Amino acid sequence: MTGKPIWRKPIDAADRVVAPRAEALVHSGVFATVSATIFGVRRAVGNGMNGVAARVWHLVNLPAGTDLQRLRQQIGALDRDVRRLSLQLEQRRDNPSESDRR
């Protein structure tokens, strides 16, 4: 069997009609403006919801997502510091300087 399967022919025909219009829409300034507006609205609504949720969690004396995020960042910073200090300690053990021998 050579050529395309039967099911592919209507899809290709629809693609030839729809694709140029979709490309023109995506590359238009209106599409960029609408997309940016939707993104901004979603971010504003999400931030508002997160703020309300954080206040509710704090009212019942539980940590909010932002609290946990801050703790994760602090733990990550501590982990990096411990790794850096461990590497420095290993280097000093392997290559003691004159001042360390006294």
Side-chain angles (χ1 to χ4, degrees):
M1 183 168 139
T2 60
K4 296 180 182 178
I6 294 174
W7 60 267
R8 184 69 192 254
K9 290 178 183 178
I11 292 173
D12 288 342
D15 187 47
R16 282 191 295 274
V17 173
V18 173
R21 292 179 184 157
E23 284 288 323
L25 174 67
V26 169
H27 293 293
S28 70
V30 174
F31 181 81
T33 304
V34 170
S35 296
T37 303
I38 290 172
F39 178 76
V41 168
R42 286 185 64 193
R43 184 178 52 210
V45 169
N47 289 342
M49 296 289 288
N50 288 340
V52 169
R55 285 191 290 280
V56 169
W57 285 116
H58 289 149
L59 281 174
V60 293
N61 205 24
L62 290 172
T66 53
D67 300 326
L68 297 177
Q69 183 179 16
R70 194 174 320 114
L71 284 173
R72 285 188 195 110
Q73 290 172 346
Q74 290 173 350
I75 290 170
L78 285 172
D79 185 48
R80 286 188 295 278
D81 288 344
V82 168
R83 288 175 192 248
R84 183 180 46 79
L85 291 171
S86 295
L87 287 173
Q88 288 176 356
L89 183 60
E90 272 184 47
Q91 289 173 349
R92 288 196 179 187
R93 283 184 189 154
D94 293 343
N95 302 318
S97 65
E98 287 296 321
S99 61
D100 291 339
R101 292 181 190 162
R102 292 182 195 169

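Each residue takes its place number in the sequence, starting with 1. Just so we're clear, the structure is a prediction, and the values are computed from it rather than from any experiment.
For V45, the side chain to side chain contact (heavy atoms under 4.5 Å, CB included) partners at least two apart in sequence or on another chain are V41, M49. When the side chain to side chain contact (heavy atoms under 4.5 Å, CB included) test is applied to R16, the partners found at least two apart in sequence or on another chain are D12, A13. Q74 pairs by the side chain to side chain contact (heavy atoms under 4.5 Å, CB included) definition with R70, L71, not counting sequence neighbours.
Considering all non-hydrogen atoms of both residues, K9 and K4 come closest at CE-O, 4.4 Å. Closest approach of P20 to D15, counting heavy atoms only: CD-O, 4.0 Å.
Within the structure, the side-chain hydrogen bond (donor to acceptor under 3.5 Å, both in side chains) test picks out the following pairs touching residues 40-60 (sequence neighbours left out): H58-D67.
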Identify each donor-acceptor pair in which a side-chain atom of residues 81-88 lies under 3.5 Å from a protein atom, sequence neighbours left out, and give them as a table.
{"residue": "R83", "atom": "NE", "partner": "D79", "partner atom": "OD2", "Å": "3.0"}
{"residue": "R83", "atom": "NH2", "partner": "D79", "partner atom": "OD2", "Å": "3.4"}
{"residue": "S86", "atom": "OG", "partner": "V82", "partner atom": "O", "Å": "2.9"}

What pairs of donor and acceptor atoms, side-chain ones from residues 23-31 against any protein atom, are under 3.5 angstrom apart with sequence neighbours left out?
{"residue": "E23", "atom": "OE1", "partner": "H27", "partner atom": "NE2", "Å": "3.1"}
{"residue": "S28", "atom": "OG", "partner": "L25", "partner atom": "O", "Å": "2.7"}
{"residue": "S28", "atom": "OG", "partner": "F31", "partner atom": "N", "Å": "3.2"}

